[in-house]
Amino acid sequence: IIFSLIRLDTSIELKLNDVHMHFSFGLRIVESARSCSCFYSKPQRTTVKSEHCCWFPRDFFKARATFLCFFCSPPRIKDEPDDDGFYASPKEDSKPLKRPREDDDLLVLEHVFRERGNTVPGSNRFFLILQDSKAKKAKSKDKKVPEADKRKKPKKEEEQKWKWWEEERYPEGIKWKFLEHKGPVFAPPYEPLPENVKFYYDGKVMKLSTKAEEVATFFAKMLDHEYTTKEIFRKNFFKDWRKEMTPEEKSTITNLSKCDFTHMSQYFKAQSEARKQMSKEEKQKIKEENERLLKEYGYCVMDNHKERIANFKIEPPGLFRGRGNHPKMGMLKRRIMPEDIIINCSKDSKIPPPPPGHKWKEVRHDNKVTWLVSWTENIQGSIKYIMLNPSSRIKGEKDWQKYETARRLKKCVDKIRNQYREDWKSKEMKVRQRAVALYFIDKLALRAGNEKEEGETADTVGCCSLRVEHIKLHPELDGQEYVVEFDFLGKDSIRYYNKVPVEKRVFKNLQLFMENKQPEDDLFDRLNTSILNKHLQDLMEGLTAKVFRTYNASITLQQQLKELTNPDDNIPAKILSYNRANRAVAILCNHQRAPPKTFEKSMMNLQSKIDAKKEQLADARRELKSAKADAKVRRDEKSKKTVESKKKAVQRIEEQLMKLEVQATDREENKQIALGTSKLNYLDPRISVAWCKKWGIPIEKIYNKTQREKFAWAIDMAEEDYEF
DNA sequence: GTAGAAACTTAGAAGCCTACTC
DNA sequence: GAGTAGGCTTCTAAGTTTCTAC
């Protein structure tokens with residue numbers, strides 16, 4: 001399809017031509033001083049089957065008419081397979097996609113409107129709205145829809161999605177061409193405590209200065225948390241708190257144990273309680289205010305598409321909550337001011353103004369990065385960013401690309417495995433270590449394991465940074481030979497504990513690597529992530545340690561789904577199978593969670609529901625039996641009907657019972673396992689979409705609304721025969 | 001080639017919200 | 001209408017990878 005938009009001095013011409021269909025279509029918007037009018041030429045053939053609908057909001061053109069123009073849909077990318085049947089993902093190859101980017105063209109429109117001085121609120125900006133073929137077909141079938149209704153803006157959000165995955169992508173390195181946003185939302189200023197809320201030191205009331213009081217409230221708000229009992233947390237907090245005190249306060253407050261924050265804490269609890277008790281109207285008011293904030297600051301315009309921002313609020317000040325045994329926990333996270341903020345946007349965009357009386361640290365126009373706002377935090381000195389939501393084009397393209405890289409690994413993984421098996425025998429120690437580490441990364445889905453600065457973060461490790469103390473070698477254990485016992489803290493200080501039988505050569509190599517070493521010495525002393533990734537890059541373009549995790553997670557899901565799905569099962573049972581497949585991946589990737597506090601109670605509740613349902617079923621069966629007996633004697637229509645209805649009741653209760661039992665199994669198996677992380681980050685969504693399509697499972701049963709938005713590209717493109 | 005900075009992805013916890021139950 | 005369980009969203013820490021400067 002040729003889609004072009006030409007701007008002529010005071011008029012704009014939009015043309016859609018489909019040569020193959022002998023179908024041409026034109027549309028002209030003529031700008032006049034006050035408004036613009038439009039006309040379009042009718043398609044020459046009226047029998048053209050349209051799959052997509054290109055729709056422009058009525059108010060956008062400020063013209064009275066709404067026009068719906070139908071055109072032949074661009075072929076699905078999958079319909080044009082390349083040699084190996086892989087999709088052309090962003091960056092993966094340079095073949096242009098089926099439809100050129102509309103952004104540049106629409107950009108012209110954007111400027112026309114800007115020049116004209118029209119204020120175009122985000123929601124009314126230029127959207128190409130594409131409906132999926134099913135929605136379209138459904139619409140065309142329904143001929144009774146009144147004309148007025150047809151003109152109505154489609155309400156369903158699904159209908160308004162921009163299919164960026166059908167467009168051409170930017171050249172390598174370019175992330176956007178136009179970016180405009182409103183800047184960040186700052187944390188609300190500190191509100192001093194009411195006079196009646198007291199702080200006590202050494203049993204006596206003490207009025208704190210505003211700065212010291214603010215930091216004290218951070219601690220008071222966390223009083224019930226385990227953090228405040230930890231020595232490091234208390235020490236760090238006290239040190240930083242004292243920096244905020246006046247000289248008088250500093251000389252008085254010398255011991256944290258003598259500080260009494262309980263009154264403050266009670267005040268915050270009461271406030272929180274009051275919030276819960278607020279009237280409907282008050283809650284509604286807050287909701288509306290949040291919505292207003294979201295509407296104003298929660299979106300940006302990137303290349304003429306309104307995109308949701310992931311985190312438009314600046315992190316408020318507070319006490320640093322490092323995970324695990326973090327040496328910096330309790331330190332004061334200072335308040336971020338506009339003077340700390342770097343704004344990134346287009347030169348020709350409306351640059352967000354800083355709050356009155358302030359200025360930005362810098363305004364830059366770097367379209368080689370994806371962030372909108374950045375600042376440096378004071379705990380680790382690292383940079384924090386405001387970026388787009390996972391549903392955005394920029395994140396989606398990257399996600400898609402990630403899975404395509406993993407699929408490329410699938411094609412050469414056997415070769416790579418053979419290679420590292422060979423390398424176990426290498427004369428070079430470095431090569432052997434690299435090969436054993438890669439074996440672990442591949443087999444156990446371990447993370448790469450970068451080196452970390454000692455004393456700056458919690459002591460956690462990944463594969464390359466494993467130490468001798470993290471593994472135990474068992475020539476024989478529980479009837480298995482060559483077992484390696486892993487026990488270490490990984491990301492987020494989550495414990496990795498696993499006993500794995502390995503190949504003899506790996507075992508012997510590990511013995512070698514551990515020779516003459518102390519427990520705190522590096523297991524792979526000749527290796528780091530940089531060396532490993534460089535080697536991987538040589539094996540396959542774009543290959544890094546992380547890709548193995550993605551690949552193994554996705555391939556495991558696909559295999560497990562094939563193994564566990566029983567075609568005769570009903571929907572709940574199939575979903576249980578899906579969750580079990582997902583769980584296999586979560587276990588592989590060691591995605592753990594703390595068991596929910598209410599777990600035991602909720603399981604007990606569920607069990608009592610099951611028991612009650614069983615009783616109900618027994619009653620229903622008894623009733624059915626007696627109805628049958630009754631019908632045998634009476635032999636009339638009425639008693640026959642009664643039998644039928646009793647039968648149905650039994651069936652219904654059986655189904656309900658089964659559902660509850662499945663729910664209980666699922667919940668029990670999920671007690672300490674987090675499924676979300678793998679679902680969101682490691683599993684190629686097209687596998688799940690294909691599985692849903694194959695078995696007629698509504699996608700909503702697998703992905704919630706947010707997840708469907710993130711994986712819109714996959715939902716649109718994957719068919720039931722999709723193979724990872 | 002290397003180190004450190006920058007950029008971006010992955011992660012679990014916490015709190016909010018909503019649907020369900022009584 | 002109140003209470004609550006659990007799903008969903010938000011938050012931000014903690015990783016990995018890439019970029020840049022020397």
Q: Starting at CG of Asn582(A) and ending at P of dG7(C), how long is that distance when rounded to a whole Å?
A: 14 Å

Q: For Lys430(A), does the NZ atom have more than 12 heavy-atom neighbours from other residues, nucleotides or ligands under 6.0 Å away?
A: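 No, because the 6.0 Å sphere around NZ of Lys430(A) holds 12 heavy atoms or fewer from other groups.
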
Q: Provide, to the nearest angstrom, the distance between the NZ atom belonging to Lys384(A) and the C1' atom belonging to dT12(C).
A: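 Lys384(A) atom NZ is separated from dT12(C) atom C1' by 5 Å.
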
Q: Need one value for Lys333(A): base, sugar-phosphate or nothing, where a base atom within 4.0 Å counts as base even if backbone is also close, heavy atoms only.
A: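 Counting heavy atoms under 4.0 Å across all strands, the contact made by Lys333(A) is with sugar-phosphate only.
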
Q: If each of Lys276(A) and Arg549(A) is mapped to the nucleotide of DNA chain B with the nearest heavy atom, which maps nearer the 5' terminus, i.e. the 5' end?
A: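 Taking each residue's closest nucleotide, the earlier one in sequence belongs to Arg549(A).
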
Q: Can a cation-pi geometry be assigned to Lys333(A) and Phe320(A), taking NZ or CZ under 6.0 Å from the six-membered ring centre and within 45° of the ring axis?
A: no

Q: As a quick check of understanding, evaluate ring pair (Phe, Tyr, Trp, His ring centres under 6.0 Å) for Tyr497(A) and Phe486(A), giving each step before the final call.
A: CA-CA 5 Å; Tyr497(A) 184 79; Phe486(A) 291 84; 9.6 Å; no

Q: Mind calculating the distance between CD (Glu700(A)) and C1' (dG7(C)) to the nearest angstrom?
A: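 The distance from CD of Glu700(A) to C1' of dG7(C) comes to 16 Å, rounded to the nearest Å.
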
Q: Under 4.0 Å, heavy atoms only, any strand: does Gly449(A) hit a base, just the sugar-phosphate, or nothing?
A: sugar-phosphate

Q: Which whole-number value in Å describes the distance from Phe488(A) CZ to dG15(C) C1'?
A: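 So the two atoms are 13 Å apart, to the nearest Å.
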
Q: What's Arg323(A) touching, base or sugar-phosphate or nothing? Going by heavy atoms closer than 4.0 Å.
A: base

Q: Would Glu296(A) and Lys182(A) satisfy salt bridge (charged side-chain N to carboxylate O under 4.0 Å, His left out), going step by step from the backbone distance to the final call?
A: CA-CA 7 Å; Glu296(A) 185 172 359; Lys182(A) 288 288 189 79; 3.8 Å; yes

Q: Can you tell me which nucleotide in dA14(B), dA14(C), dG15(C) comes closest to the side chain of Arg321(A)?
A: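 Comparing dA14(B), dA14(C), dG15(C) against the side chain of Arg321(A), the answer is dA14(B).
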
Q: Whole Å only: how far is the CD atom of Gln672(A) from the P atom of dA13(B)?
A: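 In whole Å, dA13(B) P and Gln672(A) CD are 11 Å from each other.
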
Q: Using the C1' atoms of five pairs at each end, what's the angle between the two axes of the helix from dG1(B)-dC22(C) to dC22(B)-dG1(C), to 10 degrees?
A: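 Roughly 10° between the end axes, to the nearest 10°.
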
Q: Please classify the nucleic acid contact of Gly322(A) as base, sugar-phosphate, or nothing, using heavy-atom distances under 4.0 Å.
A: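 Answer is sugar-phosphate: Gly322(A) comes under 4.0 Å of backbone atoms only.
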
Q: Would the number of heavy atoms belonging to other residues, nucleotides or ligands and lying under 6.0 Å from CG of Asn325(A) be above 12?
A: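 At most 12 heavy atoms, drawn from other residues, nucleotides or ligands, come within 6.0 Å of this atom.
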
Q: Quick check on the 6.0 Å ring-centre criterion: do His591(A) and Tyr682(A) meet it?
A: yes

Q: Taking only nitrogen or oxygen atoms into account, show me every contact under 3.5 Å that the protein makes with nucleotides 6-9 of chain B, one pair per line with its distance.
A:
| residue | atom | partner | partner atom | Å |
| --- | --- | --- | --- | --- |
| dA7(B) | OP1 | Trp371(A) | NE1 | 3.3 |
| dA7(B) | OP2 | Trp371(A) | NE1 | 3.3 |
| dA7(B) | OP2 | Tyr385(A) | OH | 2.8 |
| dA7(B) | O5' | Tyr385(A) | OH | 3.4 |
| dC8(B) | OP1 | Lys175(A) | NZ | 3.1 |
| dC8(B) | OP1 | Thr370(A) | N | 3.4 |
| dC8(B) | OP2 | Thr370(A) | N | 3.1 |
| dC8(B) | OP2 | Thr370(A) | OG1 | 2.9 |
| dT9(B) | OP2 | Lys395(A) | NZ | 2.5 |
| dT9(B) | O3' | Lys546(A) | NZ | 3.2 |

Q: Going through the distances and angles, do Lys175(A) and Asp366(A) end up as a salt bridge (charged side-chain N to carboxylate O under 4.0 Å, His left out)?
A: CA-CA 9 Å; Lys175(A) 302 292 168 62; Asp366(A) 184 358; over 6 Å; no

Q: Without decimals, in angstroms, what is the distance between Lys452(A) NZ and dA13(C) P?
A: 14 Å

Q: Need one value for Thr457(A): base, sugar-phosphate or nothing, where a base atom within 4.0 Å counts as base even if backbone is also close, heavy atoms only.
A: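 Nothing, no heavy atom under 4.0 Å.
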
Q: Nearest 0.5 Å please: distance from the NE2 atom of His225(A) over to the NZ atom of Lys230(A).
A: 8.0 Å

Q: CG of Asn450(A) versus C1' of dG4(B): gap in Å, rounded?
A: 13 Å

Q: What is the distance from NZ of Lys705(A) to P of dC16(B), rounded to the nearest Å?
A: 20 Å

Q: Under the ring pair (Phe, Tyr, Trp, His ring centres under 6.0 Å) rule, collect the residues that match up with Phe524(A), sequence neighbours excluded.
A: Phe513(A)

